[in-house]
Amino acid sequence: MLKSVKDQTASALSIPKDVIPGEPMVTMTGRQKVYIENYHRIVSFQDEEIKLQAKTCRILVHGKRLRIEYYTRDDMLIAGQIHSVSMEG
């Protein structure tokens with residue numbers, strides 16, 4: 001079975017596949033905070049849903065009283081009552 005280029009690169013460099021540049025990384029702290037790396041843009045921002053576009057997918061954060069605590073070109077911290085985080089595409 002052939003490995004993908006990402007798998008081969010990660011294996012050759014002895015790094016986890018999920019830290020390959022460009023892939024989104026989502027880290028949750030309890031149900032109050034979500035840290036997202038490698039997103040491209042904010043698609044929509046509402047009190048109960050935030051949609052972000054990443055290189056390979058769309059990231060959806062659902063909850064209540066959602067707010068963006070900070071964001072840079074590369075990462076973002078979302079806080080509030082987090083109900084779910086999902087990816088499309």
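This is a predicted model, so every value here is computed, not measured.
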With a cut-off of 6.0 Å (strictly less than), are more than 12 heavy atoms of other residues, nucleotides or ligands near OH of Y71? no
So L60 and E88, side-chain contact (heavy atoms from CB on, under 4.5 Å) or not? Walk me through it. CA-CA 8 Å; L60 300 132; E88 295 178 341; 3.3 Å; yes
What heavy-atom pair brings R65 and D47 nearest, and what distance separates the two atoms? CA-OD1, 3.0 Å
Could you tell me whether the side chain of E49 reaches within less than 4.5 Å of the side chain of V61, counting heavy atoms only? no
Applying side-chain contact (heavy atoms from CB on, under 4.5 Å), name anything that partners H83, two or more places apart in sequence or on another chain. R31, K64, Q81
Answer yes if M28 and L52 sit in the same cluster of Ile, Leu, Val, Met, Phe, Trp and Tyr residues linked by side chain heavy atoms under 4.5 Å apart, and no otherwise. yes
Of the non-hydrogen atoms in E23 and N38, which two are nearest, and what is the gap between them? O-ND2, 2.7 Å
Could you go through I82 and Q32, starting from their C-alpha distance and side-chain angles, then the distance that decides it, and tell me whether this counts as side-chain contact (heavy atoms from CB on, under 4.5 Å)? CA-CA 6 Å; I82 310 297; Q32 284 75 39; 5.8 Å; no
Partners of E69 by side-chain contact (heavy atoms from CB on, under 4.5 Å), sequence neighbours excluded? K33, R67, L77, A79
Can you hop from V43 to M76 via hydrophobic side chains spaced under 4.5 Å? no
Check L66 against Q46 and note the closest heavy-atom contact, atom names and distance. CB-O, 4.2 Å
Is it the case that one hydrophobic cluster holds both I42 and V26, taking links as side-chain heavy atoms less than 4.5 Å apart, direct or via other members? yes
Among V85, I59, V34, I68, whose side chain to side chain contact (heavy atoms under 4.5 Å, CB included) with I50 holds? I68
I need the D74 CG to Y39 OH distance, nearest 0.5 Å. 8.0 Å
